[in-house]
Novice: 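Before anything else, here's the structure in question.
Quantities reported herein were computed from a predicted structural model and do not represent experimental measurements. Just so you know, ligand 1 is whichever comes first in the structure, and atom 1 is the first atom listed for that ligand.
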Amino acid sequence: MTRTAEPKQTRNEAASGADAGPADASTEGIVNSGRRGFLKNTGLATMAAMVGASIPFHRNMPVGLVPAAFAQDGDALAGKDGLTLLNDRPVNAETPPELLDDAVTPISRHFIRNNGVPPENVDADAWTLTIDGFVDNPLELSIADLRDQFEVVTMQLTLECGGNGRGFFDPPASGNQWTYGAVACSEWTGVRLKDVLEKAGVQSNVVYTAHYGADGHLSGDPDKLPISRGVPIAKALTDNVLIAFEMNGEALHPMNGAPLRLVVAGWPASTAQKWLTRIELRDQVHDGPKMTGTSYRVPAYPVAPGQEVPEEDFVIIERMPVKSLITFPANGTDIGMETDVRGHAWSGDRSISKLDISIDFGTTWQTVELDDPVNDGAWQNWRTKVTLPQAGYYEIWARATDNEGDMQPFAIAWNPKGYLNNSMHRVGVRAS
Ligand SMILES: Nc1nc2c(c(=O)[nH]1)N[C@H]1C(S)=C(S)[C@@H](COP(=O)(O)O)O[C@H]1N2
Ligand SMILES: [Mo]
């Protein structure tokens with residue numbers, strides 16, 4: 001395990017679990033017990049199960065005390081390489097841009113965004129996925145059933161957290177202070193959600209999906225879910241939403257949802273339920289945890305930095321905006337007078353048509369070589385060579401334009417919860 005940074009407190013410590021939503025319920029079951037002794041009996045049993053033993057002195061535990069054993073940084077980053085830990089409970093870790101240089105993101109460099117406590121002792125052979133709600137034939141499928149009954153497909157798909165880039169908002173937004181690295185494009189193998197839903201028989205009144213996973217709420221309360229989001233049925237029935245059981249040809253990493261997860265390319269990765277156990281089809285928009293209030297929602301209209309926005313004016317984020325990343329050279333490095341420059345670009349449900357870079361603070365731009373996407377939903381790789389005119393400090397800026405003409409802005413379009421930051425990536429280098 002490599003850890004490049006010490007865990008730091010998020011700006012709003014109470015919201016340490018949130019890249020979405022209010023400081024919310026992470027300690028609610030604890031605080032609301034209304035007495036010394038931290039949990040109701042059911043909660044105590046769960047807490048005991050989670051720490052792996054009964055707690056003889058539980059009555060002495062101060063209200064609000066979080067068992068130290070709940071810090072999850074122990075094994076969570078095992079098998080990960082160079083990720084920056086932003087929060088250890090729940091585990092949130094991002095990847096520095098220069099470690100995202102590969103065309104296909106290695107498992108070891110895929111970011112981790114947990115909202116709760118991942119399941120332990122996962123048995124892939126015993127895992128089942130339930131499809132229910134407004135379907136003709138509810139299904140219960142093992143992973144072997146998924147492999148046997150549906151076409152198995154492999155696709156490179158970009159997952160980006162809706163809060164990626166939040167760390168640059170001013171005034172700041174509470175939640176994980178992601179910089180650039182809550183994005184990845186690995187190669188996922190699984191079956192199309194569409195094929196599975198069609199087998200179950202989507203009824204005509206269905207408008208939305210609801211996704212459920214096996215992770216537990218931070219409070220230990222078994223009646224609470226850390227997150228349950230969904231997508232409009234039309235999105236669920238597109239070709240590149242996968243129920244995935246392999247990542248880069250291997251089993252999923254435990255922190256990336258092993259043994260089964262959704263991959264919803266181009267939409268906030270919060271829709272891509274990890275440790276997937278159930279998909280319910282609904283006749284109304286889903287209202288699970290992190291679907292409502294200000295979670296993964298933005299004002300329906302442009303707002304000024306710091307502006308108060310009434311909650312009823314927030315709308316659910318759907319596709320992620322046009323964006324790019326410079327993965328070489330690394331920010332803050334010394335380079336020669338000639339350098340390769342390269343990275344990736346993506347735009348949810350769209351493709352990138354042009355990638356420009358500037359070495360003179362945006363005064364002039366040059367269009368660089370850009371690959372087509374390997375498949376719908378994959379980020380696109382771009383590269384060029386740059387010769388710098390004289391020794392000194394330069395900033396390399398990258399600016400992507402998508403096939404509908406949307407171009408990355410220089411400055412952040414501010415919103416209260418710090419979502420959708422797609423401002424240009426800038427990399428500072430010293431050339432000599
Ligand atoms: N069951 C479950 N699924 C989840 C989450 C979670 O906390 N629990 N986090 C979501 C969020 S907010 C993001 S950004 C992605 C992150 O996927 P990753 O951790 O594999 O990078 O998973 C999503 N799926
Ligand atoms: Mo997220």
Novice: Could you list which atoms of ligand 1 come closer than 4.0 Å to a heavy atom of Cys161?
Specialist: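 Per the distance check, 14 (S).
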Novice: Any atoms of ligand 1 less than 4.0 Å from a non-hydrogen atom of Asn256? List them with their elements.
Specialist: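 Ligand 1 atoms under the 4.0 Å threshold to Asn256: 18 (P), 19 (O), 20 (O), 21 (O).
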Novice: Suppose the criterion is salt bridge (charged side-chain N to carboxylate O under 4.0 Å, His left out): which pairs have a residue in residues 300-320, not counting sequence neighbours?
Specialist: Arg319-Asp402
Novice: Verify the ring-centre separation between Trp188 and His110: is it less than 6.0 angstrom?
Specialist: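 Yes, ring centres under 6.0 Å apart.
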Novice: At a 4.0 Å cut-off, with the gap strictly under it, does some heavy atom of Ala272 reach an atom of ligand 1?
Specialist: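 Yes, Ala272 has a heavy atom closer than 4.0 Å to ligand 1.
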Novice: Do any heavy atoms of Leu159 fall under 4.0 Å from ligand 1?
Specialist: no
Novice: Distance under 4.0 Å to a non-hydrogen atom of Ile227: what atoms of ligand 1 satisfy this?
Specialist: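 Those of ligand 1 that fall under 4.0 Å from Ile227 are 2 (C), 5 (C), 6 (C), 7 (O), 8 (N).
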Novice: Is it the side chain, the backbone, both or neither of Asn115 that has a heavy atom closer than 4.0 Å to ligand 1?
Specialist: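 Both backbone and side chain of Asn115 come within 4.0 Å of ligand 1.
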Novice: For ligand 1, does Glu160 get within less than 4.0 Å through its side chain, its backbone, both, or neither, judged by non-hydrogen atoms?
Specialist: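 Answer for Glu160: neither.
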Novice: Could you list the atoms of ligand 1 found under 4.0 angstrom from a heavy atom of Tyr296?
Specialist: 12 (S)
Novice: Applying salt bridge (charged side-chain N to carboxylate O under 4.0 Å, His left out), which residue pairs with at least one partner in residues 257-268 are found, sequence neighbours left out?
Specialist: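 Qualifying pairs, neighbours excluded: none.
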Novice: Is there a nitrogen or oxygen of Asp215 sitting under 3.5 Å from a nitrogen or oxygen of ligand 1?
Specialist: yes
Novice: Give a yes/no verdict on a cation-pi contact between Arg282 and Phe134, requiring under 6.0 Å between NZ or CZ and the six-membered ring centre and an angle within 45° of the axis.
Specialist: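 The answer is no; the distance or angle limit is not met.
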Novice: Less than 4.0 Å is my threshold; does some heavy atom of Lys290 fall inside it relative to ligand 1?
Specialist: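 No heavy atom of Lys290 comes that close to ligand 1.
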Novice: Please work out which of Phe111, Tyr212, Trp275 has its closest non-hydrogen atom nearest to atom 21 (O) of ligand 1.
Specialist: Phe111
Novice: Report, in ascending order of atom number, the atoms of ligand 1 lying under 4.0 Å from any heavy atom of Asn114.
Specialist: 7 (O)
Novice: Counting only heavy atoms not in Asp376, do more than 12 fall under 6.0 Å of its CG?
Specialist: no
Novice: Should the ring pair Tyr212 and His286 be called parallel, tilted or perpendicular, given that the plane angle runs from 0 to 90° and is split at 30 and 60?
Specialist: perpendicular
Novice: Does any N or O atom in Lys274 lie less than 3.5 angstrom from one in ligand 1, N or O only?
Specialist: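 Checking ligand 1 against Lys274, an N or O pair does fall under 3.5 Å apart.
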Novice: Are Asp239 and Lys194 close enough for a salt bridge, meaning some N to O gap below 4.0 Å?
Specialist: yes
Novice: Using 30° and 60° as the class boundaries, would you call the ring planes of Tyr180 and Phe168 parallel, tilted or perpendicular?
Specialist: tilted
Novice: Among Gln380, His425, Gln408, find the residue that satisfies the side chain to side chain donor-acceptor pair (under 3.5 Å) test when tested with Ser324.
Specialist: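 One option only clears the test, and that one is Gln408.
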